[in-house]
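Throughout, protein chains are lettered first and strands after them, A, B, ... in sequence-line order, and every chain is numbered starting at 1. When reading the values below, keep in mind they use all heavy atoms of this one structure, side chains included, and skip hydrogens, waters and symmetry mates.
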Amino acid sequence: MSALFPIPQAPSDHEAARPSDREAEPGASGERRGRRGVTPEQLLEGLNEPQRQAVVHAGTPLLVVAGAGSGKTRVLTRRIAWLIAERDAHPGSILAITFTNKAAAEMRERVEELVGRRARIMWVSTFHSACVRILRKEIDRFGYKSSFSIYDAADSKRLMTLVARDLDLDPKRYQPRAMLNWVSNQKNELVDHEDAVKNAKNHLEETYAEAYTHYQRRLREANALDFDDLIMTTVHLFQAFPDVRENYRRRFRHVLVDEYQDTNHAQYALIRELCGPVTGAGPDSPAGAGAAEKGVEPSELMVVGDADQSIYAFRGANIRNILQFEEDFPSARTVLLEQNYRSTQTILTAANAVISRNKGRKAKNLWSDAGDGERMVGYVADDEHDEARFVSEEIDKLSDAGSAKPRDVAIFYRTNAQSRVFEEVFIRVGMPYKVVGGVRFYERREVRDALAYLRMLANPADEISLRRILNTPKRGIGERAEACVEALAQRERLSFWEALRRAEEAPGIATRSLTCIRGFVEMVEELQSMVAADERADVILEQVLTRSGYLAELEASEDPQDETRVENLAELVAVAREFADEPQLGPSADPADPDPATPGLGDFLERVALVADSDQIPDQPEDGVDDGGVVTLMTLHTAKGLEFPVVFLTGLEDGIFPHQRALGDQHELEEERRLAYVGLTRAQRRLYLSRAVVRSAWGAPAHNPASRFLDELPVDLVDWRRTEAAQTSWNRPVQSSLPSRTAGPPTRRFGSAAVRADADAKARTREVPSLAPGDRVLHDTFGMGSVVTVEGVADKAVASIDFGSQGVKRLLLRYAPVEKL
DNA sequence: TTCTTGAAGCTTTTT
DNA sequence: GCTTCAAGAA
């Protein structure tokens, strides 16, 4: 895997660093340099003073407060290389935690370029992958099998739905999603189901805790863990079995954690288990860094993060972890990285101005010596389509002017749903683009079906997966038959799979169903024998798709959607093949592992279970045929950690960004502001800010006032190409004296009066919809209606519209807030 | 049993 | 507007 993005525009020293950072081949030359070639000077080359301190620091815990673009990845990789090359750390004694698998792969690659192939045996992974790896080895102590399944959000939801049904809960009052959220929070706080029951303070919590208990029991019966379990169970494992913990403490002498501001309590506890002071042994001085006599000496810990970029509180991340690091680890040192190598000063000044509105943050001031650069560009669009058109045209202009290629451009938005308009426009104008996240590959139905087959083969106890594919494709095993088998399973205390095999004992089952079940069981058993024989994942997958008839059904289908489904499955097979061909490298390579076998089905499933959105950012070729690459679209959350020469920050409207749900809550609003800070600081040279006066949210158009974050920007740094005043003026000759073009910022903060003005503006600027009798329309207040008659033309057109229970209305189309459906 | 139709809910953000 | 889930018909 190669690095995807333009390297930070580092100062001149970066050029010097380039050869060693980027050009090394992973072959012999890399190794030679790694073994003896790298000098301490080379490892410290091009680092500023605080960066250098962070790299060479030894002994006590270290907190690196790394502002956006301050070169923290560089510090991390150089430090790891330093540990190996200069401090004789064994690569296997290094545990580096990153936020995504992609970041992990990149970091491993860069360290390898510095010190050679032996770097491969480091553990560089996400929290989740690291925990899976530990659990695969140790979880039998908790009575799980090491082939446990990992349930993602969709699986968990399905399971929770079953639980709710078992408990006879009203699905309106107790939504699986809400319960799952609650359970997730408990797990992030390391509260197991027994404690949750004890802690319950009211009826609601009692019910939730009961659901939690049942949910855990079913997970266990399915030999499955959900995402949160991976962390919590590992912590519990260390707590319950001190010998296991000692084992890993002895092994990982160096622990490095990236994005520390986004760790939750469970992750924090995990780090403490590995690096915390020895329990019961009083405050000990971690003097001798190298010495690990009894294996109880804490490992060396370095965490890197930026409290201003903490954007995952909603999933349990605790900003406290980074703010109170020095209290948690009293001997800790702190290094502050404030010089930014990424952006122009204009962009940084803007970002600093916004983030400074947050209360109770530690002061930090990013600066750059890259010069002021261009002013930011602002645009107020009529609606979201206009906004997308503006973005598209602007990218064209940049291309024509030779200022940027599509690959240099990223478009950010708050929610995934906002990507659609951009896609529509880009498809129309032929702009190459790629949406990161959203409907993810691994969440597509056909992919999930295929994976359910594989998971069920690897882990027959996995009831959720088994039931998913039991009748997919249709094979005559209906609801009724399923219920009979279920009853048998309950009565005989069998797993669902066992019950299927003994379906003839099921009371009341139809012979016809029985035949179908027999056929299914037979097929599964044959496929299982392939798994038992350690067949390659891609071969098994192909067999699954053909033997089950899944592929045949899709291919026979008339539905054009099914064509893409076939393609997606082919893609999945390709992924599996690539994976099976991979030599032993990456997270599953473990020198201490007694059985370093070729990656099997289980490894493959693990890989696909833990991929993230940001792992799918397109690799854009830097050499070879240069077609300009593609524009990247993603949410602000996904954008964290990335950088682009040109950034469009879109949908800057109160209610969109900041999100509606955050408007009333100080803390959530501050998190939104941090998100804005993340977005702003992704830009290297050019930053565009846009909003739409009218935006359609699930059907109906809505008028949103300007985002408060726009008001927090220094006025003179933004060049408003189009303002709200300009926008409202063109259909209003009376006030045509309004300034157009570069006026000041669009509006100040405003109340309902201004919102109404927006509404009026909309009525005026909108073109009159051409309607015919029978058309279905949507009215802002009357809702859906159908057109009865139309009289007059253009501005004078009047339609009678039947709004059902609201009656028939006569509306002057020029003014009526009606939209044709 | 399966397919069709209709209603409801939905949108934060993700490992 | 879209997808998902439930109820009813062939």
Side-chain angles (χ1 to χ4, degrees), chain A residues 97-104 125-132 150-154 156-158 161 171-172 175-177 181 184 187-188 225-232 259 262-264 266-267 310-317 384 412-421 424 436-440 442-443 445 471-482 510 512-513 516 561 606 608-616 634-640 651 655-663 668 671-672 674-676 678-679 695-701 776 778 784 819 821:
Chain A
I97 303 289
T98 59
F99 204 64
T100 64
N101 294 298
K102 192 128 211 163
S125 65
T126 62
F127 269 107
H128 294 267
S129 308
C131 286
V132 168
I150 300 165
Y151 278 9
D152 66 13
S156 302
K157 191 172 162 211
R158 216 183 186 88
T161 309
K172 292 234 172 65
Q175 292 173 348
R177 214 189 142 94
N181 258 330
S184 174
K187 290 181 176 180
N188 287 336
L225 279 76
D226 67 18
F227 275 135
D228 302 311
D229 281 334
L230 295 176
I231 315 285
M232 179 175 78
E259 308 285 12
D262 286 323
T263 52
N264 60 33
Q267 291 164 336
S310 162
I311 53 173
Y312 284 102
F314 69 92
R315 73 173 205 224
E384 70 269 29
F412 300 155
Y413 35 77
R414 179 67 236 274
T415 64
N416 278 306
Q418 288 166 253
S419 72
R420 253 189 59 186
V421 214
E424 284 167 13
V436 180
V439 211
R440 291 184 256 175
Y442 290 104
E443 279 172 14
R445 184 168 51 129
N471 201 27
T472 313
K474 304 271 180 286
R475 52 171 72 88
I477 309 175
E479 208 177 318
R480 164 115 214 175
E482 193 179 330
R512 194 190 160 115
S513 309
C516 299
Q561 269 206 321
E606 186 175 315
V608 300
L610 299 174
V611 290
D613 273 354
S614 41
D615 293 331
Q616 298 169 24
M634 66 183 97
T635 65
L636 284 152
H637 281 87
T638 312
K640 192 176 71 158
I656 302 292
F657 183 35
H659 191 271
Q660 187 69 43
R661 280 189 48 168
L663 290 181
E668 291 202 49
E671 174 140 321
E672 296 284 310
R674 290 192 292 269
L675 194 53
V678 167
R695 182 181 296 274
S696 296
W698 66 100
R776 279 155 56 83
L778 186 68
M784 295 261 256
E819 203 173 52
L821 295 182

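Contact annotation: A/S129 does not reach the phosphate of B/dT15 (side-chain N/O to OP1 or OP2, under 4.0 Å). Remark: A/N416 is not in phosphate contact with B/dT12, judged by side-chain N or O atoms under 4.0 Å from OP1 or OP2. Close to B/dT14, at under 4.0 Å from its OP1 or OP2, lies a side-chain N or O of A/T638. For B/dT14, neither phosphate oxygen OP1 nor OP2 lies less than 4.0 angstrom from any side-chain nitrogen or oxygen of A/R315. Contact between the side-chain N/O atoms of A/N471 and the OP1/OP2 oxygens of B/dT2 is found at a separation under 4.0 Å.
Taking for each of A/L675 and A/R475 the nucleotide of DNA chain B with the nearest heavy atom, the 5'-most of the two is the partner of A/R475. Taking for each of A/S513 and A/Y312 the nucleotide of DNA chain B with the nearest heavy atom, the 5'-most of the two is the partner of A/S513.
In this structure a side-chain-to-backbone donor-acceptor pair under 3.5 Å is missing from A/N471 to A/K474. Between the side chain of A/Q418 and the backbone N or O of A/G651 there is no donor-acceptor pair closer than 3.5 Å. Side-chain atoms of A/E482 do not come within 3.5 Å of backbone N or O of A/I477 as any donor-acceptor pair.
Counting atom types as modelled, A/R414 pairs a side-chain N or O with a base atom of B/dT13 as donor and acceptor under 3.5 Å.
Per the geometry, CD belonging to A/Q660 stands 10 Å off P belonging to B/dT12, to the nearest Å. Rounded to whole Å, atom P of B/dT2 lies 9 Å from atom CZ of A/R512. Here B/dT15 presents its P atom at 18 Å from CG of A/D229, a figure rounded to the nearest Å. As a whole-Å value, the separation of A/R695 CZ from B/dT11 P is 18 Å. A/E671 has its CD atom 8 Å from the C1' atom of B/dT13, to the nearest Å. Following rounding to the nearest Å, A/F657 (CZ) and B/dT12 (P) show an atom-to-atom distance of 15 Å. Summarising the geometry, the separation between CG on A/L663 and P on B/dT12 is reported as 13 Å, rounded to the nearest angstrom. Look at CD on A/Q418: it is 10 Å from C1' on B/dT12, rounded to the nearest Å.
One finds no salt bridge joining A/R315 and A/D262 here, because no Lys/Arg side-chain nitrogen approaches an Asp/Glu carboxylate oxygen to under 4.0 Å.
A distance below 6.0 Å separates the ring centres of A/H637 and A/F314.
Separating the P atom of B/dT13 from that of C/dT4 is a span of 15 Å, rounded to the nearest Å. Using atom C1' as the reference point in both C/dA6 and B/dT11, the two lie 22 Å apart (nearest Å).
Heavy atoms of A/E668 sit under 4.0 angstrom from at least one base atom. Among the heavy atoms of the strands lying under 4.0 Å from A/R177 are primed sugar atoms or P, OP1, OP2 only; no base atom is included. A/A317 comes within 4.0 angstrom of no nucleic acid atom, judged by non-hydrogen atoms across all strands.
Distance from the side chain of A/K474 is smallest to B/dT2 among B/dT14, B/dT2, B/dT12.
In terms of heavy-atom proximity, A/E384 sits nearest to A/R695 at OE1-CA, 3.3 Å.
Residues passing the salt bridge (charged side-chain N to carboxylate O under 4.0 Å, His left out) test with A/E259 are A/K72, A/K640, sequence neighbours excluded.
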Can you give one letter per nucleotide of nucleotides 2-10 of chain C, going 5' to 3': B for a protein heavy atom under 4.0 Å from the base, S for sugar-phosphate only, - for none? S--------

